[in-house]
Amino acid sequence: AIETSIVFAEHPDMIDEEYADFSYFYTAIDDIYGGYNRNDAKAYAKRLVIAILKRAEELGNAEDVLNKIESELYDEDCGYPFYLGYIPKGITCLPAISFSDGEWGNKELENIVIPDTITTISDKSFYNCTSLISAVIPESVTSIGDEAFFGCCSLTNIIIPAGVKNIGNAVFFGCE
């Protein structure tokens with residue numbers, strides 16, 4: 001199971017529709033954590049979650065799969081697939097703390113282009129993404145939640161579209 005999971009993580013196009021069932025991947029991620037040291041397992045698990053979402057995107061059910069990931073899989077080890085800067089097309093809302101790895105933030109993400117299916121950037125979506133330099137927010141976004149870009153101290157380039165009707169508290173606190 002571990003070897004199959006790694007192959008899927010590296011080649012999401014090989015995931016047959018019958019294997020795109022989320023419960024299979026939940027088991028695969030458990031197997032990865034059982035077979036590798038914590039840091040390697042974390043890296044493979046994140047890649048596998050991205051592979052799951054890429055296949056779900058092709059099948060047209062990315063939002064459903066993302067909701068399952070959020071409710072069943074999210075923990076401090078695996079995090080959201082967004083952590084690596086991947087946003088599947090077809091979702092409408094960026095979940096809270098989606099690009100952050102909790103209070104420690106994200107020190108890898110430098111640039112992000114948000115797809116035009118997104119209408120809401122939730123509270124703390126980019127919380128403490130200290131390496132984030134620029135973010136492209138599409139015209140489809142109408143709401144930016146509290147502390148969405150809190151602590152993004154490297155952020156120097158962002159354009160907020162005219163269609164944004166709601167901007168939360170402390171959205172850019174700690175930004176230069």
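Residue numbers count from 1 along this sequence.
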Next item on the list: Output, in order, the C-alpha distance, side-chain angles, deciding distance and verdict of side-chain contact (heavy atoms from CB on, under 4.5 Å) for Phe173 and Glu147.
Entry: CA-CA 7 Å; Phe173 184 84; Glu147 301 178 347; over 6 Å; no
Kindly list each side-chain donor-acceptor pair under 3.5 angstrom involving residues 134-142, sequence neighbours excluded, with atom names and distances?
| from | atom 1 | to | atom 2 | distance (Å) |
| --- | --- | --- | --- | --- |
| Ser134 | OG | Asn111 | OD1 | 2.8 |
| Ser140 | OG | Asp116 | O | 2.9 |
| Ser140 | OG | Ile118 | O | 2.6 |
| Thr142 | OG1 | Thr119 | O | 3.4 |

Item checked: Heavy-atom closest pair, residues Leu94 and Ser125 ->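 The answer is O-OG, 3.5 Å.
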Check: Closest heavy-atom contact between Lys107 and Thr130?
Finding: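 Looking at all heavy atoms of both residues, the shortest contact is CG-OG1, 3.6 Å.
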Check: About how many Å separate NZ of Lys165 and CD1 of Ile144, when rounded to the nearest 0.5 Å?
Finding: 12.0 Å
Checklist line | Pairs involving residues 148-164, ordered by first then second residue, that meet side chain to side chain donor-acceptor pair (under 3.5 Å) (sequence neighbours left out) | finding: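 Matches after skipping sequence neighbours: none remain.
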Note to self: Has Thr117 got a side-chain atom pairing as donor or acceptor with Ile91's backbone, closer than 3.5 angstrom?
What the structure shows: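 Yes; at least one donor-acceptor contact below 3.5 Å.
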Next item on the list: Kindly write out the residues that satisfy side chain to side chain donor-acceptor pair (under 3.5 Å) with Ser131, not counting sequence neighbours, or none if the list is empty.
Entry: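 Here no residue qualifies.
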Check: Residues in side chain to side chain contact (heavy atoms under 4.5 Å, CB included) with Asn169, at least two apart?
Finding: Asp146
Check: Taking only residues two or more places apart in sequence, or in another chain, which ones meet Ser143 in a side chain to side chain contact (heavy atoms under 4.5 Å, CB included)?
Finding: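 Counting only residues at least two positions away or on another chain, Ser143 forms a side chain to side chain contact (heavy atoms under 4.5 Å, CB included) with Thr120, Asn166.
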Checklist line | Residue pair Cys175, Cys153: steps toward the side-chain contact (heavy atoms from CB on, under 4.5 Å) verdict | finding: CA-CA 4 Å; Cys175 296; Cys153 56; over 6 Å; no
Item checked: Ile133 reachable from Phe172 in the ILVMFWY side-chain graph, under 4.5 Å edges -> no
Next item on the list: Sequence neighbours left out, what pairs pass salt bridge (Lys or Arg N to Asp or Glu O under 4.0 Å) with at least one residue falling in residues 151-160?
Entry: none
Item checked: Student check: side-chain heavy atoms of Val171 and Phe150 closer than 4.5 Å ->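 Not in contact.
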Check: Taking C-beta and beyond as the side chain, do Ile121 and Phe126 meet within less than 4.5 Å on heavy atoms?
Finding: yes
